[in-house]
Amino acid sequence: MKTNYSILLSSALIAMSVLTSCGGGNNPPVVSDADMDSGVVLIEAAGYYALDFGKVVKEFGFAVYVDNPEADEPDFVITDNRDSIPIRGWSGTGFFISEDGFVATNAHVTGEPLASQVANIQQHWKVFVNALLASLEEDRIDLETAKTDAHINAYGSSTRSQLRAAINEHASIDEQLKEIAYTKSLLQSTLNVEPNLTFVPLFIGYVLNGNRFSGTSDLTNLSTVVADIEHDVAILQANNKKTPEDCYVFDVPDEDSTVEIFKGDAVYSIGFNYGEQLAETAHGIENQRNDGRIQKIDDDDLMYSIPILPGSSGSPVMDEEGNLIAINRAGYRFSGNYNIGAKVKYLRVLMDKAESMR
C-alpha cells in the first residue's frame with residue numbers, strides 16, 4: 001500500500017542531504033515503544049514505468065509509459081517527449097535491521113512491480129492497442145472516402161487554382177494514409193511480444209522518526225540491495241552505509257529462533273499511515289502504533305486485524321513481546337481492518353543474501 005502524489009520531474013534533480021539524528025535507545029534489554037519508534041522510518045520515492053518491447057519497436061523512436069500501474073485498468077502514454085513521462089511518487093515505511101544502514105521494507109515500496117501487476121498491464125496493453133487499431137481503421141476509411149472526393153474535385157475543376165487545391169488535398173490525404181499504415185504496423189508489432197515492465201527510479205530515501213520532512217533535500221538516499229518480488233519483501237541500504245546512532249535496530253530471527261504464532265494472538269505494527277500526511281506534527285514526523293490480533297496463518301503470510309492505511313507498506317509487525325514476526329505488505333479490499341504481512345522468514349532469507357554480498 002503506497003500513498004501516491006504528483007511530483008515534478010525536476011524534483012528528482014534536487015540534491016539529497018544525510019540526516020544523522022534520532023531519538024531512542026539501541027537495542028536495550030527492555031524495549032519500549034519509543035525505542036522501536038526510532039528504528040522505523042518514512043520512505044519517500046519517485047520514478048516512472050516504461051514498457052520494454054525489446055528490439056521490436058526500438059527502431060521506431062518512441063516509448064510507452066504506464067501511469068497508475070497498480071490500477072485494475074492502467075493508463076498508457078505513447079510519446080517521444082520526456083516532458084510527457086508520467087512521474088509517480090509515493091510513501092512507504094521501512095525499519096533498520098543492521099548497523100550499516102540496511103532497511104527492510106516491501107519490494108513494491110522500492111518501485112519494483114509485482115508479478116500480478118505485470119500480467120495485468122500486459123493484458124490491458126493488448127486491449128489498448130486493439131482499440132487504437134480499430135480507431136485508426138475508421139480514420140483510414142474516412143480518408144479513403146475523402147481521397148475519392150478529391151479525385152472527383154480534380155476532374156471537375158474549372159480553374160487552375162481549383163485544380164491545384166484538389167491535387168494538394170489528394171497529396172495530403174496520401175501522406176495521412178501512409179502515416180496511419182505505418183502506425184498500425186508499429187502497433188501490431190507490439191502484439192507479437194510480451195513486454196517487460198521496467199521501473200526507472202528518480203529517487204528513494206528515508207526520513208527519521210522525529211525529523212522534519214519538507215522535500216527531497218531532507219531525505220537520506222537509499223539503494224536497493226536485494227528484493228523478493230514473489231513475497232513482496234526487500235532490503236535497501238543507506239548510501240552512506242550507516243544506521244544513525246541511537247536508532248533501534250530490529251532483530252531478524254533465524255528459523256530456529258522464530259517465535260510461534262497462534263490465531264488470536266495480540267500483535268501490533270509501527271508505521272506511517274498515509275505517509276507524511278498523518279505523520280506531520282509540530283515536532284517533526286511521528287509514526288503510529290496500531291494494535292490487532294492474528295486472524296489467519298498461512299505458509300507465506302499472516303493475516304491480522306491491525307487497522308492500517310496506505311503508506312504503511314513495509315511496517316514491522318511484532319508480537320506482544322516485541323519480536324518481529326512479519327512485514328506488512330497489503331490489505332484485503334473491502335475487508336475493513338484485515339491486512340496481511342509476509343512472514344519474517346522471507347526477510348531472513350534476504351538478510352542472509354544481503355550479508356553475503358557485503
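In summary, the side chains of Asp100 and Ser98 do present a donor paired with an acceptor at a separation below 3.5 Å, with no hydrogens or angles considered. Residues Glu44 and Ser91 bring a donor and an acceptor atom of their side chains to less than 3.5 Å of each other. With hydrogens and angles left out, the side-chain atoms of Asn328 and Tyr304 include a donor and acceptor closer than 3.5 Å.
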| task | Could you please spell out the steps behind the salt bridge (Lys or Arg N to Asp or Glu O under 4.0 Å) verdict for Asp352 and Arg348? | result | CA-CA 6 Å; Asp352 292 341; Arg348 180 70 256 177; 2.8 Å; yes

| said: Does Tyr268 form a side-chain hydrogen bond (donor to acceptor under 3.5 Å, both in side chains) with Asn290? I'd like the steps, not just the answer. | reply: CA-CA 5 Å; Tyr268 67 99; Asn290 297 282; over 6 Å; no

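Two residues are said to be in side-chain contact when any heavy atoms from C-beta on lie closer than 4.5 Å; Leu324 and Phe95 meet this criterion. Using a 4.5 Å cut-off on side-chain heavy atoms (C-beta onward), Thr110 and Leu236 make contact. Contact annotation: the side chain of Leu177 approaches that of Arg140 to within less than 4.5 Å [non-hydrogen atoms, C-beta and beyond]. Using a 4.5 Å heavy-atom threshold, the side chains of Asp174 and His170 count as touching. Counting only heavy atoms from C-beta outward, the side chains of Thr190 and Val129 approach each other to under 4.5 Å.
In this structure, Lys126 pairs ionically with Glu194, as a charged nitrogen and a carboxylate oxygen lie closer than 4.0 Å. A salt bridge links Arg88 with Asp67: the distance from a Lys NZ or Arg NE/NH1/NH2 to an Asp or Glu carboxylate oxygen falls below 4.0 Å. Of the charged side-chain nitrogens involved, at least one lies within less than 4.0 Å of a carboxylate oxygen, so that Lys184 and Glu137 count as a salt-bridged pair. Salt bridge status for Asp301 with Arg329: present, with a side-chain N to carboxylate O gap under 4.0 Å.
Hydrophobic clustering places Val225 together with Val233 (ILVMFWY residues linked when any side-chain heavy atoms are closer than 4.5 Å, directly or through intermediates).
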